[in-house]
Amino acid sequence: METLNNKVQAHNIDPQKQSRIKERVADAIIGPLLNPALSIDVKNVTVSFPTAKGVYTAVKDIDLQIRKGEIVALIGHSGCGKSTLMGMISGMVKPSNGEVIANGKKVSGPGPDRGIVFQNYSLLPWLTVFQNIYEAVDSAIKTGSSAQKKKIVEENLKMVNLWAHKDKLPGQLSGGMKQRVAIARAFAINPSILLLDEPFGALDALTKSSMHVELLKLWNLDNREKTIVLVTHDIEEAIFLADRVVVLNNGPAATIKEIVDVPLERPRNKKDIVHDPVYMDIHDKLMGLLIDKFSIEDINDMKKTA
Amino acid sequence: MNKKILSLVYLVSGFAVLFSLWQIASMVTKGELPTPWKTMSVFFEMWADPFYDAGPNDKGIGVQLFLSLKRVAIGFGLGSLIAIPLGILIGSNKTVFNILNPVVQVLRPVSPLAWFPLGLAMMHVSDKATIFVIVITSLWPTLINTALGVASVPQDHKNVGRAFGFSRWKYITKILLPSSFPLIITGLRLSIGVAWLVIVAAEMLSGGVGIGFFVWDSWNALSLEKVMCAILIIGLVGLLLDKMFSLLQKRFTYAV
């Protein structure tokens, strides 16, 4: 009799859990109503990895709301957890605590609503430019004939001016061209969110500049409806592209140090913008946030003791 | 063009050194070892009619060579058909790897010739037993390299598959296999090399036909010229086989 009771109890969901489920259901219904334009909602997220030396916490207690069509830059020193935070939005990294909501749905893995441009292009070297994009489109877009998919590839390759190079292998392209292929691939699956992980880090300054303009052009062509999250360690790049710049503390256990608004008019002009007093203010502020005066004093201390 | 002439000069001088050392050795042994010239005349004599077949113990060098190559082709083919899928399985599944790795490590260092009696017992025919030995020979390098190739698909490429939601089949055909091709071909190249080494010894054991048998038969007939010719031929064929796979390797290696 007793064991039977236990069994019955085991099947009942405990009241605490039940209320939690109710809350979550309510959140899912009310959330989008309250905040219709919210594209990404990072809720109190922490990521820890077990390592040989114990648990390593990469980012801690991150809260970040990103509106639809907004361009947000994540900036911080190398190894501060920018890419980890990005990985959580893309679904490649699982949070140990908290959750990420993208397009009103909880992120549990990568999905076609979020296009990723990786740090090192990540094109498949044995596939041509065309095939690289086609295989992604073919996997991410479930409906449509192969002719329709080929058309999508063609449109996107023409958009980044690489149609003439469609039959080349990635190894035959320059760094800038490879990055354009990667961007075209991410755009081709028509995601509402675009995640760029240090996309221009490996490019020379001139190519980088023209890629910035090209990215904004694509964003404009799409009526500025795509949300773009960009990881970078380049202050000028962050200000030129973003509506808001999220500055992260140094890891481990990195948190958000400050979020800086960039209220510069669009379209922005690379040449003129640098003379804008607003630009200079933001630039100085970000410099101050990123280059700690303490670290400079540390160097002076070291010099004295040496 | 200059480079080609230069490499030809190197080739000729290399063989000039070999032939002079050979000539000296032949002079020192007072003719026990045939001179290069004598050997060469036998060589051209042998190739004048390579495909004659005058009964079980008297076949042309072309026939012998062809039969050996056929055995290697069958044995290497079967071995690869076993080794590549098994290697993919071992490389992609940690549990399978942990189970099979000790077995592979124990069997790999065994000389393939040790399997010959087992082959004879199972097949009853020495020809098939020889092929069995070649199957075993071509197993290990291919198996190990395939497993290594599959296990070391770069994280970047795996990420592409995850990010764009590749199906399992697409992942295998567009990422896993192309990424491991260079190592699989390295395995095949090593396998065919060892198979060609082993076939000579295996045919000395099995007798009957083949280039290995030809070497032993020529020794029994006290024709060291023919033995020397066979050595040269075995070397050249081995070089050709290796070149074939090195071309294949180049074909499947990509710049990132």
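What you see below is based on every heavy atom in this structure, not just the backbone, and it leaves out hydrogens, waters and symmetry mates. Chain identifiers are assigned alphabetically (A, B, ...) following the order of the sequence lines, protein sequences preceding nucleic acid strands; residue numbering begins at 1 within each chain. Remember, predicted model here, so these are calculated numbers, not experimental data.
- Under the 6.0 Å cut-off for aromatic ring centres, B:F245 and B:F252 do not qualify, their centroids lying 6.0 Å or more apart.
- At least one donor-acceptor pair closer than 3.5 Å links the side chain of A:R180 to the backbone N or O of A:V160.
- For A:I189, the part lying near chain B is the side chain, with the backbone staying farther off; criterion is any non-hydrogen pair under 4.5 Å.
- For a residue to count as touching a neighbouring chain, one of its non-hydrogen atoms must lie under 4.5 Å from one of that chain's; by this rule B:K174 touches chain A with backbone and side chain alike.
- One distance of note links CD of A:E214 with NE2 of A:H212; it measures 11.5 Å at 0.5 Å rounding.
- Side chains of A:N103 and A:S192: a donor-acceptor N/O pair is present below 3.5 angstrom, by distance only.
- Note that CD1 of A:I116 is 9.5 Å distant from CG of A:L194, once rounded to the nearest 0.5 Å.
- Ranked by heavy-atom pairs under 4.5 Å with chain B, the list A:S90, A:S122, A:P191, A:A140 is led by A:S122.
- No part of B:T253 comes within reach of chain A, as not one of its non-hydrogen atoms sits under 4.5 angstrom from that chain.
- Here A:D138 is the residue among A:D138, A:L169, A:N132, A:L127 with the most heavy-atom pairs under 4.5 Å with chain B.
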